[in-house]
Amino acid sequence: MSDETKVLVIAEHDNAALYPGTLNTVTAGVAIGAPVDVLVAGHGIGEIAAACAAVAGVARVLVADHEIYAHPSTEEVAALVVANGGDYTHILAPASTFGKALIPYAAALRDLQSISDISEVVSADTFVRPIYAGNALATVRCADPVKMITVRTTAFDAAAAQGGGASVENIPAAAATGQVQFVEQALSASERPELTSARVVVSGGRGLQSGDNFTMLEQLADRLGGAVGASRAAVDAGFVPNDYQVGQTGKVVAPDLYLAVGISGAIQHLAGMKDSKCIVAINNDEEAPIFQVADYSWNEDLFAAVPALLAELEK
Amino acid sequence: MHFLEDARTVKILVPVKRVIDANIRVRVKPDRSGVDTDNVKMAMNPFCEIAVEEALRIKEAGDAGEVILFSAGPSRFQETIRTGLAMGADRGVHIHTDEPLEPLVVAKMIAAVAEKEGADLVILGKQSIDGDNNQTGQMLAAIMGRPLGSYISEIKKNEDGFAITREIDAGLEKLQITSPAVVTTDLRLNEPRYASLPNIMKAKKKPIEALTPEDIGVQVSHRMEILKVVEPPAREAGVMVSGAGELVDKLKNEAKVI
Ligand SMILES: Cc1cc2nc3c(=O)[nH]c(=O)nc-3n(C[C@H](O)[C@H](O)[C@H](O)COP(=O)(O)OP(=O)(O)OC[C@H]3O[C@@H](n4cnc5c(N)ncnc54)[C@H](O)[C@@H]3O)c2cc1C
Ligand SMILES: Nc1ncnc2c1ncn2[C@@H]1O[C@H](COP(=O)(O)O)[C@@H](O)[C@H]1O
């Protein structure tokens, strides 16, 4: 858009694989302008750096491969972003827990006001972002010299993972204060696709009554090649871990098919899934608000409906 | 047990924001300037309630001596401070301004008050449910040069500071952070208490210090301009299906998603 733009995307990964949201964030970067560089911090990340360099539209990859970045804190990555971000007009990260913590922190280090969760690029300084649980869309213009942005990844297509030919450059680690020590992570291991980029999501709510009953939804997800999500109520009740939560204050998903089972459809839940292409709701309450946004509403007891659906899909 | 003795001097600062009640369906103003807040039920931001509750529990466990509430905004924001005082907080600081506030400015204000009060721990909500910014706590940690524990579902005081658990996209993460610190609350941290009637009465007498941005040396800058606020495109309700066969057929042949 302007000759002077220079965009930096902060890659997200787990030292084993590049997270797909990075590709959508690159697309948002390309919509702002060129060149788009990528910064990746981690430990033993040669392959991830190569994966970043292969992404179509990326000019240069800055790699901080160091053991202190095996499990970096927000402040450690922010120090790196500030040390290497001087030339850039726009610094972007996915609006994941990683990016949402990082971008405002790095912004404040430079006295910049960051812009959260953009869903559209209007121009190099103007963006659309959902507010009030997605019940309103605000178009905002940022007057700061550098735009610090998190990107709603479901609102942008993924950049092609192949076809790029970026240069790769090593950068040194940046000093941080050492006030934060990593202890451990308890991660939800799953063979299923990652929730925010899955093509199909099967979510369960309080209606499931127990964690054990989620097995049915897992079978359904596996049959459809999808991921399993949940409402806040199902997470609060301990049926499934916190990382399953879809909604205003959980994850935002926009799959081709979203199946809401035993979920009432509170605005906070809708905020995380109403941009799905096709929504199916199974609920035994014909008044359930979820039916107002569903393409296919099935007013039935889920304990009858889900097994019947599984059986039908097996045919 | 050296910190038992110190605990009475430990101060926790809790920034609380006034927002439209989470159960209200918001309406965009016809002139597209924002969301209608006239005659709409307001409440303390739910994540701030969780922050107040956690501060009270830390104090009740004997690890802190005082819980101070902070709020920045129009005079009505004092009501929100009062709500937190009725939950059991000790006193409040209200920064009075009618200007719209951006998270960076709020973070600067909180930093100024935290310095002035000598707060050992600041507990914020992770997100205000009106602007959905999810920024202020991170900015505060950066401005104050203090460790950040964002999106926490657990916090325990120990000799080295605080042991925290964070809710992250891939699961849970445990960190040890030094004190003084800044943390932001996630939903599973606790379930906030209701204020009892006697505590509501008591809260009326608790002090709220009213200051202006100038008093604490913070300039209210505006870097963001809201050009317009519109309603998102509405989703139409679809059709009812009555059985698995019909649903699968429609998903395959009509929606073409499986
Ligand atoms: C600050 C804040 C943040 C929040 N963030 C989120 C968020 O990110 N995500 C989120 O999801 N929520 C969030 N919420 C909570 C939200 O307001 C709702 O409380 C929640 O989504 C309800 O979950 P549910 O639909 O599973 O439960 P309920 O509302 O209890 O609905 C259960 C549904 O299951 C149906 N049902 C029960 N039994 C059966 C059966 N046998 N067969 C078929 N149907 C059945 C019922 O008819 C009902 O519709 C938030 C709330 C607040 C205040
Ligand atoms: N005007 C305000 N007054 C007091 N605290 C605030 C204010 N704005 C934001 N906060 C705090 O910052 C948290 C996160 O808000 P936000 O960054 O706007 O999503 C809130 O939960 C509050 O703890």
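These numbers come from the heavy atoms of this one structure, side chains and all, not from hydrogens, waters or symmetry mates. A note on names: the letters A, B, ... follow the listed sequences, proteins ahead of strands, and every chain is numbered from 1.
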Can you say whether [X] sits under 4.5 Å from chain A via the side chain, the backbone, both, or neither, judging by heavy atoms?
X: B:A107; value: neither
X: B:K252; value: neither
X: B:A181; value: neither
X: B:Q127; value: side chain

Return the [atom1] to [atom2] distance between [X] and [Y], rounded to the nearest 0.5 Å.
X: A:Y105; Y: B:I143; atom1: OH; atom2: CD1; answer: 10.5 Å
X: B:N134; Y: A:I103; atom1: CG; atom2: CD1; answer: 12.0 Å
X: B:E236; Y: A:Q292; atom1: CD; atom2: CD; answer: 11.5 Å

Look at the side chain of [X] and the backbone N and O of [Y], then say whether any donor-acceptor pair between them is shorter than 3.5 Å.
X: A:E312; Y: B:E246; result: no
X: A:Q113; Y: B:M224; result: no
X: A:K251; Y: B:D169; result: yes

Among B:L175, B:L148, B:T178, which residue satisfies the side-chain contact (heavy atoms from CB on, under 4.5 Å) criterion with A:Q179?
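Only one of B:L175, B:L148, B:T178 forms a side-chain contact (heavy atoms from CB on, under 4.5 Å) with A:Q179, namely B:T178.
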Test A:Y132 against every option in B:V28, B:I20, B:D132, B:I24 by the side-chain contact (heavy atoms from CB on, under 4.5 Å) rule and name the one that passes.
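Result: among B:V28, B:I20, B:D132, B:I24, B:I20 is the only option passing the side-chain contact (heavy atoms from CB on, under 4.5 Å) with A:Y132.
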Identify the heavy atoms of [X] and [Y] that sit nearest to each other, and give their distance.
X: A:S116; Y: B:Q135; value: OG-NE2, 2.7 Å
X: A:D295; Y: B:R235; value: OD2-NH2, 2.8 Å
X: B:V257; Y: A:R199; value: O-NH1, 3.3 Å
X: B:A255; Y: A:K277; value: O-NZ, 4.4 Å
X: B:R188; Y: A:N242; value: NH2-CB, 3.9 Å

Does a side-chain heavy-atom distance below 4.5 Å link [X] with [Y]?
X: B:I226; Y: A:T139; result: no
X: B:L251; Y: A:C278; result: yes
X: A:S114; Y: B:Q138; result: no
X: A:R129; Y: B:N133; result: yes
X: B:F47; Y: A:T249; result: yes
X: B:L104; Y: A:L112; result: no

Quick one: of [options], who has the most non-hydrogen atom pairs under 4.5 Å with chain B?
options: A:D236, A:I267, A:T74, A:L224; value: A:D236
options: A:K315, A:E75, A:E300, A:Q245; value: A:Q245
options: A:I115, A:I282, A:V128, A:V306; value: A:I115
options: A:A136, A:A138, A:P241, A:A101; value: A:A101
options: A:L137, A:I131, A:V140, A:T150; value: A:L137
options: A:L102, A:L109, A:V280, A:D144; value: A:D144

Largest heavy-atom contact set with chain A, pairs under 4.5 Å, which of [options]:
options: B:S150, B:G245, B:A163; result: B:G245
options: B:M139, B:R223, B:E225; result: B:R223
options: B:L140, B:V229, B:L227, B:V26; result: B:L227
options: B:D130, B:V105, B:I129; result: B:D130
options: B:I258, B:T136, B:V35; result: B:V35
options: B:R166, B:K174, B:K250, B:R27; result: B:K174

Is it the case that over 12 heavy atoms from other parts of the model lie below 6.0 angstrom from the CD atom of B:Q219?
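Result for CD/B:Q219: open.
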Taking atom NZ of B:K29 as the centre, report whether more than 12 heavy atoms of other residues, nucleotides or ligands fall under 6.0 Å from it.
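Yes - once you tally the heavy atoms of other residues, nucleotides and ligands closer than 6.0 Å, there are more than 12.
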Check step by step if side chain to side chain contact (heavy atoms under 4.5 Å, CB included) holds for A:E184 and B:L172.
CA-CA 9 Å; A:E184 63 177 5; B:L172 296 171; over 6 Å; no
Between [X] and chain B, with a heavy-atom cut-off of 4.5 Å, which part of the residue counts as in contact: side chain, backbone, both or neither?
X: A:D111; answer: both
X: A:E194; answer: neither
X: A:I279; answer: both
X: A:A308; answer: both

Step by step, work out the side chain to side chain contact (heavy atoms under 4.5 Å, CB included) result for B:I168 and A:Q185.
CA-CA 9 Å; B:I168 58 172; A:Q185 284 180 339; 3.9 Å; yes
Before you tell me yes or no, could you show the steps for B:E167 and A:T97 under side chain to side chain contact (heavy atoms under 4.5 Å, CB included), namely the whole-Å CA-CA distance, both residues' side-chain angles and the distance that decides it to 0.1 Å?
CA-CA 8 Å; B:E167 291 198 356; A:T97 50; over 6 Å; no
Can you check side chain to side chain contact (heavy atoms under 4.5 Å, CB included) on B:Q176 and A:F182, steps first, answer last?
CA-CA 7 Å; B:Q176 172 68 40; A:F182 175 79; over 6 Å; no
